[in-house]
Amino acid sequence: MKTISAAIFEAPSVDWWGLLPQMVLLGVALSLLLITSISRRKFATAFSTLCSVLAGSTVFLIALGLWGDVQELGPRSSLASAFGVDGFSIFFTILISLGVVTTALLSHSYIEREGIDSAEFHALLMCSAAGAIVMASANDLIVMFIGLEALSIGLYVMIAIHTRRAEAREAAMKYFVLGAFSSAFFLYGIALVYGATGSTNLVQIRDYLDEVAFKDEHILLAGIGLLLIGLAFKVAAAPFHFWAPDVYQGAPSPVTGYMASIAKAAGFAALLRVFFAALPSYKLDWSPIISALAILTLVVGAVMAILQTDVKRMLAFSSVSHAGYVLVAIQSANASGTSAALFYLFTYSFVVIGSFGVVSLMGWKDGHSLDRYSGIGRSRPVLALTFTVFLLAQAGVPLTSGFVGKFQVITSAVDVENYVLASIAMLTAVISAYMYLKIVMTMYVTEDNSEGPDIAIHWTSGVVLGGILVFTLVVGIIPQFLIDFSQDAVPVLIAG
Amino acid sequence: MVELVWLIPTFPLVGFLFLLIAGSRLGEPKAGWIATAASTCSFIVTFVVFLGLLAKSSDDRSFEQVLFDWLPAGSLNVEAGFLVDPLSMTMALFVTGVGTLIHLYSVGYMHGDPKFSKFFLYLNLFLFSMLMLVLGNNLVVTFLGWEGVGTCSYLLISFWHQRDSAATAGKKAFVTNRVGDWGFMIAMFLLWSSIGTLTYTEIAQSSPMATVTGTAVSLLLFVAAAGKSAQLPLYVWLPDAMEGPTPVSAMVHAATMVTSGVYLLVRMNHVLTSDALIVIAVVGAATALFAALAAVAQQDIKKVLAYSTVSQLGFMFLAIGSGAYVAAIFHVITHAFFKALLFLGSGSVIHGMHDEQDMKKMGALRSLMPITAGTFIIGWLAIAGVPPFAGFWSKDEILLAAWEQPNIGPILWAVGLVTALLTAYYMSRQVFLVFFGDKRWDEGVEPHESPWTMTLPLCILAVAAALGGLINLPVVADWLYLEHFLEPIFSHPHQFVSSTTTKIILAIIAVLAGLVGIGVAAAVWLVHRVKADQLEPKILENAMYIDAAYSKVVGGVGHKAFEMISNADKKYVDGAINQIGKTTIRLGAMMRPLQSGYMRNYAIGITIGGLVLLIWIIAGAS
């Protein structure tokens with residue numbers, strides 16, 4: 001720790017370029033709120049949507065520029081080593097910015113249909129995205145916590161934004177109370193790690209642990225354990241997942257997609273930054289526990305999913321089991337496993353956003369019963385085909401991005417000779433496949449060849465779903481560019 | 001210009017996708033014209049790429065274009081790429097060329113079919129797969145095409161699946177080809193484990209494998225080739241494949257797909273061992289003779305051509321077995337010309353006779369269908385080995401190569417010669433039965449000439465069948481264009497050692513054999529000097545009952561064995577799967593109460609989980 005001498009206070013140098021993505025998101029969010037509250041005019045939903053899309057696209061372009069920069073000049077960090085500008089953080093910035101764009105477009109027709117205040121929704125979306133980016137870029141546990149809270153608080157409100165729906169209020173309440181509960185774990189973990197190492201900075205923690213051999217490491221290990229619990233809650237890993245199905249089901253479908261992809265990705269980003277990048281010297285302690293969490297998560301996600309009769313709840317449990325696959329890759333605790341986790345997160349995020357986008361289009365007052373999907377293969381063949389591809393990708397069928405992701409994840413487990421985990425991952429993939437195929441069958445095979453409901457598809461949703469469809473298939477056929485991308489994004493912690 | 005190679009398969013792929021989306025809306029004849037246009041564009045690009053390749057110096061004629069890494073898996077990295085070299089271009093040229101003509105022909109032939117657009121959809125998909133097969137730069141891409149053409153072949157054979165026989169024939173082709181595919185896959189696995197690459201250019205440069213492995217790989221590749229190219233004992237599907245529409249028989253089952261086995265072995269000439277070559281030569285010769293015997297007694301106009309195709313493919317394998325790869329490819333090309341011509345001609349006859357296929361119910365058609373008859377006669381002279389038509393030159397080279405084989409050479413040559421005689425005989429029999437003699441057709445049939453879309457391809461193919469020999473004339477060394485063009489791709493270019501006198505004597509004997517065959521046929525079928533009954537024994541008509549024997553084994557003992565396996569599968573494999581399903585549901589039912597919906601229960605869950613996790617991690621402290 002740098003002690004502040006009495007005489008001169010030296011302000012830390014600020015890498016403004018590296019901070020630009022968050023600044024753009026927060027700036028646009030605040031301006032949007034300001035404009036819509038000052039102006040007497042009533043703004044159309046499209047205005048807010050456009051703000052989010054433009055902010056997201058701008059961040060995407062900035063991130064691309066930063067990516068080239070970092071690949072050329074190497075990673076750096078800013079704000080007294082509290083904030084990393086490295087391949088890893090930019091990888092997630094790209095993912096999160098695209099998540100903002102797709103979520104904004106998919107939510108457009110939902111917000112119009114349900115008559116929700118669009119400016120607030122989009123402002124929250126951008127703020128929480130900024131929090132997610134901070135979480136993925138933080139080189140300091142306190143900064144990471146701020147990011148986590150910024151992300152979560154945005155989400156609490158986004159879930160409840162449809163105030164007339166009781167389920168939404170219930171979901172928000174559950175997520176809020178349990179989220180606060182788990183934040184306490186995380187915060188207490190930070191305190192214990194600080195107590196053991198004398199720093200909250202990840203770079204310093206790593207360097208300290210490399211050099212010092214503890215006589216008594218109980219406090220440190222307890223701290224590591226508490227950090228893990230806090231983050232496992234965020235990524236909905238069993239047994240800290242109970243909130244996820246209820247909240248995912250109660251939240252508006254576009255928000256569910258956003259939570260299941262971007263919020264989860266940010267949680268995994270933090271997990272990888274803390275555990276893989278800062279605590280490699282303790283991997284023998286945390287890797288087996290993550291392995292156990294992975295097994296539990298895979299089994300719970302797969303088994304519970306096939307018992308459901310509600311499509312949204314099925315997908316909620318399936319997103320639990322996806323977290324299990326990412327954990328399988330993380331437990332290998334090496335560069336190739338980490339890049340497999342990144343690849344999985346990147347591809348999975350879009351498929352899940354797309355899937356909940358379809359669910360949102362199919363939306364129905366009385367829930368998302370599987371029966372509602374019966375026969376849409378005939379009434380909306382293109383929509384049904386798109387959804388089929390998303391489901392097959394989640395099942396890990398070849399020629400979709402999901403196959404390449406699962407293949408890499410399982411390879412990473414095999415590489416570290418964790419055959420039990422690899423076998424369980426394959427087995428649960430088979431179990432989940434049953435559930436995905438059940439939805440596909442319902443869409444296409446009906447007893448009396450009846451047609452399903454006629455669904456209106458707003459062009460904003462159509463564009464997103466089409467884009468994700470193309471992405472899913474292209475990555476499934478030529479995955480190399482994304483594999484290279486995720487390999488270049490493996491985290492490295494740099495001081496100064 | 002060679003960089004354009006990716007466009008070659010792209011055109012039929014785009015055609016396929018387009019017809020997939022819009023085919024049924026376009027309907028007849030637009031769907032057909034679009035497919036034909038896709039094929040034509042593909043041919044034009046192939047020709048441009050071919051010119052680009054010719055512009056390079058002969059030792060620099062190998063160009064690889066990698067589109068992307070397709071299957072990166074550990075140290076195995078399979079690229080999706082194309083290889084432009086003399087062999088792939090030769091194949092691509094005649095595949096797209098003949099393919100285009102057959103597309104055009106089909107526009108007329110499939111007139112009025114309710115599934116008109118679907119037919120062209122399949123044809124484009126077939127062309128795409130076939131081009132992937134010949135243009136791929138590694139075995140896996142070739143295998144992709146290999147499976148693709150197999151699938152299309154299946155779909156096209158059973159195109160009229162309302163007919164039981166067509167559906168069965170499709171299944172038979174599919175199942176038989178699986179045996180060959182098995183060989184292909186095992187060969188790939190072996191190659192990968194012993195030399196560590198599946199890319200053609202790297203295989204060509206790798207050091208030779210151990211003899212046993214090399215022979216195993218060669219024989220497995222031959223199993224693959226025998227399945228696709230209908231060699232003994234896997235030929236049984238090809239005669240039945242004639243259930244498909246006639247353009248399909250011409251394109252898939254005569255000119256292109258069935259020669260992919262020959263292509264595969266020529267492509268892999270670097271790994272073929274001398275032991276394996278002997279096996280290939282013997283099986284090839286045996287197939288040639290056997291199928292020619294069966295062709296002698298067929299009544300169906302297409303069945304004759306089917307057995308003839310099997311027989312001619314046997315010739316090609318005889319050439320490969322003798323190390324004469326150029327001769328094999330030469331015969332592939334000339335055969336593509338004359339056999340496509342003959343099939344399309346027979347299709348024209350069937351079309352004109354209102355779907356009559358029995359030759360005994362034809363006769364005297366030459367004046368009613370002059371263009372069909374004229375072109376068919378050119379095809380006949382070509383396959384019968386009458387100089388100067390194309391078939392003579394390629395067949396002559398194969399016979400010479402067989403003659404020069406050590407030890408068994410003269411036997412192989414003699415078998416080839418007898419086959420050539422029989423070929424001339426059965427083809428003459430067909431021509432005389434169909435186009436000459438008396439009218440024997442049923443009441444009410446009014447034979448007529450086919451429309452221009454069908455006769456134009458016939459005329460073009462007739463020219464090719466007549467002049468195809470020009471690409472490789474042995475008269476002057478400089479005229480061996482094909483041989484010089486293909487030379488760079490071989491590890492051991494084949495050299496003929498016989499003296500010119502021997503060559504000329506052998507050629508004269510071959511021509512005489514052909515003339516004898518034609519003469520006998522004329523005596524029997526044209527002027528009826530000899531009674532015909534004895535010349536069509538049942539044993540030959542049924543192809544020595546081999547097919548029936550297969551059916552008996554597979555249907556009898558085999559069926560019982562399959563049933564046992566199927567029962568075991570139901571009991572143990574399905575049982576295990578069902579057990580997993582049941583366990584899953586039971587497990588879910590046990591876990592379900594945990595997901596109670598009450599926040600307090602969730603908090604307890606998190607607390608207990610957290611405690612266990614903390615105890616575990618702290619207990620691990622040193």
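Each chain gets a letter, A, B and so on, in the order the sequences are listed, and its residues count up from 1.
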| request: Kindly assign one of parallel, tilted or perpendicular to the pair A:Phe233 and A:Tyr175, based on the angle between their ring planes and the thresholds 30° and 60°. | output: parallel
| Side chain / backbone / both / neither for A:Phe240 at chain B, heavy atoms under 4.5 Å | both
| With only heavy atoms counted, which part of A:Phe403 is less than 4.5 Å from chain B, the side chain, the backbone, both or neither? | neither
| A:Phe481 portion near chain B, given a 4.5 angstrom heavy-atom threshold | neither
| task | Heavy-atom distances under 4.5 Å only: say whether A:Ile431 touches chain B with side chain, backbone, both or neither. | result | side chain
| query | Considering heavy atoms only, which positions within residues 576-604 of chain B lie below 4.5 Å of chain A? | reply | B:Ile580, B:Thr584, B:Ile585, B:Leu587, B:Gly588, B:Ala589, B:Met591, B:Arg592, B:Leu594, B:Gln595, B:Gly597, B:Met599, B:Tyr602, B:Ala603
| field | Part of A:Ile306 within contact of chain B (heavy atom distance under 4.5 Å) | value | side chain
| query | For B:Asn137, which of B:Glu64, B:Glu202, B:Gln65 qualifies under side chain to side chain donor-acceptor pair (under 3.5 Å)? | reply | B:Glu64
| task | For this output row, return yes or no: ring centroids of B:Tyr122 and B:Phe126 closer than 6.0 angstrom. | result | no
| Measuring heavy-atom distances to chain B, does A:Val300 have an atom under 4.5 Å in its side chain, in its backbone, in both, or in neither? | both
| said: With a 4.5 angstrom heavy-atom cut-off, is it the side chain or the backbone of A:Ile219 that approaches chain B, or both, or neither? | reply: neither
| remark: Turns out that what part of A:Leu427 lies under 4.5 Å from chain B's heavy atoms comes down to side chain
| Would you call B:Glu147-B:Lys228 a salt bridge at under 4.0 Å N-O? | no
| How far apart are the closest heavy atoms of B:Met130 and B:Ser260, and which atoms are they? | CE-CB, 4.0 Å
| message | Centre-to-centre under 6.0 Å for B:Phe116 and B:Phe120, is that the case here? | response | yes
